[in-house]
Chemist: 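Just passing along the structure, written as structure tokens.
In each ligand, atom 1 is the first atom listed, and ligand 1 is the first ligand listed. Just so we're clear, the structure is a prediction, and the values are computed from it rather than from any experiment.
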Amino acid sequence: MRGQPEPERGPADDLLASAYGPVAAELETVTGRVASLAAAGSPLLREATASLVTHPGKRVRPALLLLSSLAGATSEGGPAPDRARLVRRSREKVLAAATAFELLHLASLTHDDILDASPLRRGQPTTWARWGTAVALLAGDHLYGKALAQASLAGRRTCRAFCGLVELLVEGQARELEVSGAERPPGRRAYMSLATAKTAAFFAESCALGATLGGAGSGTTRALRRFGRLIGQAYQLADDLLDWQGRPDRTGKPHLGDVRNGRYAFPVVAGLARRPTRVARALARVSATRPGSGVPARLEDLRLELEAAGAFEETARQVRERTRLALACLELLPPGVPRDNLDLLALVLAGRTA
Ligand code: FPP
Ligand code: MG
């Protein structure tokens, strides 16, 4: 199975690189460690994880952790500390924690692609599509084991955060399976709680753990946790919107994967709340059509119903609103680096097309 051509580097990539600027060297170290740990296994596991390593994605979680550790080192309590000294002191723990979180993320994506029977990720055939369920399961376990080892190197605080996250990820994913295609769809509140468990908690914990390891007090840690949760929610909402409005050559994922899998992503949840009868009827027609030629027309009908219901507009509004609230959380930090970088990162993620 072939992947798509590599997407060209765009202005959003440059903005992301600029947001990551102060921790670029550390992020490269984490990326290198992830690659060598993923490759440290049998040839089969090395090959089965190779695509995720050669296409590292946005690396948002380790970047948040690293930037928040800087925020921790430069916030609260008296004169601005010597950043270099503080960063050096906690550097190894921070790097191990960021590596653990990125490996955990890759493990969860590998397993997620099995659950979603998804053929494409980052523009490349998924491990599941290329190697089948058994190898994809083991590849995810392999990454998970390496993640756990890194978390233990980073210390007890990281291990506690890591375990809490795994529980939430699994819980979120199980709830998503439970409600997929269910007669009674989730409402907006249930959706948000699910999106928080499967995505936003990871962003929140990346920020909070980074801040703590960097030496932040409880006020800064709390603000950064809330910042992470809000941009994580915005991220998942934007992801749901991209399922409908994104170009697969940019997102690197199948078009309309959520709706084809019976997932209640936010545009459908909002559409059902705004125009229950018409949207439910269009949705039922999609589900009742057997895979084949009738599906694209039914999906187009559903898209028109969602458009008419204002569901896409509501989703986009939610992305903007949560990003606005997230930016307000940063007001506690002193101006400059890394506040400006977290600010920019939030804005780039909210406006992303990939
Ligand atoms: C992607 O969501 C998937 C997740 C955010 C979490 C997946 C979690 C698990 C499979 C359980 C935990 C696994 C381990 C190894 C601890 P999505 O399907 O909405 O996004 P996508 O469009 O990128 O696939
Ligand atoms: Mg998925």
Chemist: Under a 4.0 Å heavy-atom limit, does Leu143 contact ligand 1 with its side chain, its backbone, both, or neither?
Modeler: neither

Chemist: Under the ring pair (Phe, Tyr, Trp, His ring centres under 6.0 Å) rule, collect the residues that match up with Phe227, sequence neighbours excluded.
Modeler: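 Checked Phe227 against ring pair (Phe, Tyr, Trp, His ring centres under 6.0 Å); zero matches.
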
Chemist: Can you tell me which residue and heavy atom of the protein come closest to atom 1 (C) of ligand 1, and the distance to 0.1 Å?
Modeler: Asp112 OD2, 3.4 Å

Chemist: Which residue and atom name correspond to the protein heavy atom nearest atom 20 (O) of ligand 1, and how close is it?
Modeler: Asp239 OD2, 3.7 Å

Chemist: For atom 9 (C) of ligand 1, tell me which residue out of Gln173, Arg122, Glu171, His111 has the closest non-hydrogen atom.
Modeler: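 It is Gln173 whose heavy atom sits nearest to atom 9 (C) of ligand 1.
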
Chemist: Flag the pair Leu242 / Arg250 as yes when at least one side-chain heavy-atom distance between them is below 4.5 Å, and no otherwise.
Modeler: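 No, too far: nothing below the 4.5 Å cut-off.
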
Chemist: Applying salt bridge (charged side-chain N to carboxylate O under 4.0 Å, His left out), can you list everything that pairs with Glu167, at least two apart in sequence or on another chain?
Modeler: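 By the salt bridge (charged side-chain N to carboxylate O under 4.0 Å, His left out) rule, Glu167 matches no residue at all.
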
Chemist: Is there side-chain contact between Pro338 and Thr74, with at least one heavy-atom pair below 4.5 Å?
Modeler: yes

Chemist: Determine whether Lys253 and Asp239 make a side-chain contact, defined as any pair of heavy atoms from C-beta on separated by less than 4.5 Å.
Modeler: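 The answer is yes, as the side chains (C-beta and beyond) meet within the 4.5 Å cut-off.
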
Chemist: Taking side chain as C-beta onward, heavy atoms only, is Val269 less than 4.5 Å from Pro186?
Modeler: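 They are in contact (side-chain heavy atoms under 4.5 Å apart), so the answer is yes.
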
Chemist: Under 4.5 Å between any side-chain heavy atoms of Arg189 and Met192, yes or no?
Modeler: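 No, too far: nothing below the 4.5 Å cut-off.
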
Chemist: Side chain, backbone, both or neither: which applies to Lys198 and ligand 1 if a contact is any heavy-atom pair less than 4.0 Å apart?
Modeler: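 The answer is both, backbone and side chain.
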
Chemist: Got the closest protein heavy atom to atom 22 (O) of ligand 1, with its distance?
Modeler: Lys253 NZ, 2.9 Å

Chemist: Are Arg322 and Ile231 close enough that some pair of their side-chain heavy atoms sits under 4.5 Å apart?
Modeler: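 No. Closest side-chain heavy atoms not under 4.5 Å.
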
Chemist: What protein N/O/S atoms sit under 2.8 Å from the Mg ion (ligand 2), by chain and number?
Modeler: Asp112 OD2, Asp116 OD2

Chemist: Which one holds for Gln236 and ligand 1: side chain close, backbone close, both close, or neither close, with close meaning a heavy atom under 4.0 Å?
Modeler: side chain

Chemist: Going by heavy atoms in the side chains, are Glu102 and Gln150 under 4.5 Å from each other?
Modeler: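 Counting from C-beta outward, Glu102 and Gln150 never come under 4.5 Å.
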
Chemist: Which bit of Asp116 gets closer than 4.0 Å to ligand 1, counting heavy atoms only: side chain, backbone, both or neither?
Modeler: side chain

Chemist: Run the ring pair (Phe, Tyr, Trp, His ring centres under 6.0 Å) test against Phe203 and tell me which residues pass, sequence neighbours left out.
Modeler: Tyr235

Chemist: Short list, please: which atoms of ligand 1 are under 4.0 Å from a heavy atom of Arg121?
Modeler: 21 (P), 23 (O), 24 (O)

